[in-house]
Amino acid sequence: MRKYHYLVLFLVGFLLVWPFVLHKLYIEQKKGAEAFMQREAEKLPEEETVSGNKTVSGDDTVSGNGTLSGNDTVSGNSTVSGNEAPEGGEAADGETKQDAEEAPERELSPEEFFKDTLFIGDSRTMGLVEYADLGDAAVFANTGMNVYRLYTMKNAVREQEIYLEDILAKKRYRKIYLMSGINELGYSEAQTIERFEEEVLKLRELQPDAKIILQANLHVTTARSEKEAIFNNEGIDRINENIRQIAEKYGFSYIDVNEVFDDDTGGLRTECTHDQVHVLGKYYQEWADWIRKNGV
């Protein structure tokens, strides 16, 4: 009987003490959890917050699977899709995106730019081939050349074919530059434009793969223009405008180098010429360089 008495006393004591033991364990566990959370918080910068498995500095927040608030989206582990570098960052080759966009194209040398090219014209074109670097371009030109004599007049350029048809039959050209019109002043303007159009279309027929570039005729000086009844800048401007319209009509290119040599009156600058009609030899290179820089 005494043996059961002690057992009853033990159970009663255990039931009275056990709640205090459980409360003590709960308090210790809570303190341990709070200490752990404090240590983890101290590892993060003060301005960063964590949501899910993503960390974003500043005021940005991450929701769901890494989608930034606003319009910015990051997929996976913040990897930018494709090969684009972030704006302002470096591209794969070490250049920034902005540098790559602003890098100018390499300027082609005369040999490269004028490869498989043909120049057709009058005495101005003769000066161009004489004084400017045109690489290995072919040239058909003569003093007094005009559209009425294009296929009957002989070539005056050294070491070139004698007639234009021979030059056109010799090879396929990539580009053909044609300047004509000033020597046609004095003829019927309507007749000249009609003939000019016919000859350009014949060029296209004989050289179907060539890019045809029609050049505006150079102005004379204002002093010379004011003295001339026919060979003046007013007449040159009219013929140039008709040539521009032909180019637009058939999809040819049209270029006007007068912007390089004109003064504020719209005439050839006096310092560029000795006869008020042709530019001096040293200025022909500027003409050729202008063509290359404009990529025509």
Side-chain angles (χ1 to χ4, degrees), residues 117-129 137-157 160-170 172-220 224-225 227-259 261-262 266-268 277-278 287 291 294 296:
T117 294
L118 170 64
F119 282 87
I120 303 173
D122 52 33
S123 56
R124 272 86 173 272
T125 300
M126 289 183 64
L128 191 63
V129 68
V139 180
F140 178 78
N142 203 333
T143 302
M145 182 74 70
N146 61 45
V147 293
Y148 296 102
R149 308 172 66 189
L150 206 55
Y151 291 94
T152 59
M153 200 169 188
K154 291 183 178 179
N155 193 5
V157 180
Q160 300 284 347
E161 299 293 335
I162 297 177
Y163 292 103
L164 179 57
E165 282 188 302
D166 297 328
I167 293 178
L168 295 175
K170 186 175 182 179
R172 292 293 183 185
Y173 290 98
R174 189 170 54 89
K175 293 188 294 185
I176 298 176
Y177 292 86
L178 172 63
M179 175 183 278
S180 188
I182 192 170
N183 291 322
E184 289 84 334
L185 294 177
Y187 290 82
S188 164
E189 188 170 300
Q191 182 181 346
T192 294
I193 296 306
E194 182 180 352
R195 186 62 177 268
F196 192 102
E197 186 172 345
E198 290 174 356
E199 299 300 359
V200 174
L201 293 178
K202 185 175 181 179
L203 276 178
R204 185 174 68 175
E205 181 182 350
L206 295 174
Q207 291 283 327
D209 298 326
K211 177 181 180 180
I212 297 177
I213 302 100
L214 306 183
Q215 298 191 77
N217 292 273
L218 293 178
H219 290 139
V220 298
R224 176 68 178 266
S225 176
K227 295 177 181 178
E228 294 283 349
I230 296 176
F231 295 94
N232 53 47
N233 288 334
E234 183 180 352
I236 293 172
D237 285 339
R238 284 200 309 272
I239 198 75
N240 285 346
E241 175 58 22
N242 280 290
I243 292 171
R244 186 196 66 78
Q245 290 180 15
I246 291 173
E248 183 177 344
K249 179 179 179 180
Y250 293 103
F252 304 133
S253 295
Y254 173 82
I255 59 175
D256 189 347
V257 74
N258 279 302
E259 67 178 59
F261 302 118
D262 277 358
L268 178 63
V277 177
H278 301 86
W287 181 353
I291 292 175
N294 283 276
V296 185

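- Remark: the backbone N or O of Y177 is not paired with any side-chain donor or acceptor of Q215 at under 3.5 angstrom.
- Heavy atoms from other residues, nucleotides or ligands lying under 6.0 Å from CD of E259 number more than 12.
- In this structure, CG in L178 is found 8.5 Å from CD1 in I212, a value given to the nearest 0.5 Å.
- Annotation for L201: atom CG counts as buried by contact number, over 12 foreign heavy atoms lying within 6.0 Å.
- A distance-only check finds a donor-acceptor pair linking the side chain of H219 to the backbone of G266 [under 3.5 Å].
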Pair R244-E248, salt bridge (charged side-chain N to carboxylate O under 4.0 Å, His left out): steps then yes or no: CA-CA 6 Å; R244 186 196 66 78; E248 183 177 344; 2.9 Å; yes

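- Here Y173 contributes atom OH and T117 contributes atom OG1; the two are 9.5 Å apart, rounded to the nearest 0.5 Å.
- Atom CG of D256 and atom CD1 of I243 lie 10.0 Å apart (nearest 0.5 Å).
- D122 meets the side-chain contact (heavy atoms from CB on, under 4.5 Å) test with R124, M145, I182, N183; sequence neighbours excluded.
- Each salt bridge (charged side-chain N to carboxylate O under 4.0 Å, His left out) pair with one or both residues in residues 186-197, not counting sequence neighbours, appears once here: E189-R238, R195-E199, E197-K249.
- Not one N or O on the side chain of N146 forms a donor-acceptor pair closer than 3.5 Å with the backbone of S180.
- Looking at N232, its side chain does come within 3.5 Å of a backbone N or O of A229 through a donor-acceptor pair.
- A donor-acceptor pair under 3.5 Å is formed between the side chain of S225 and the backbone N or O of N233.
- Between Y187 and Y148, the two ring planes are parallel [angle under 30°; tilted spans 30° to 60°].
- Judged by distance alone, with hydrogens and angles left aside, the side-chain atoms of Q207 form a donor-acceptor pair with the main-chain N or O of L168 at under 3.5 Å.
- Qualifying ring-ring contact (aromatic ring centres under 6.0 Å, His included) partners for Y151, counting only residues two or more places apart in sequence or in other chains: none.
- One distance of note links CZ of F252 with NZ of K211; it measures 12.5 Å at 0.5 Å rounding.
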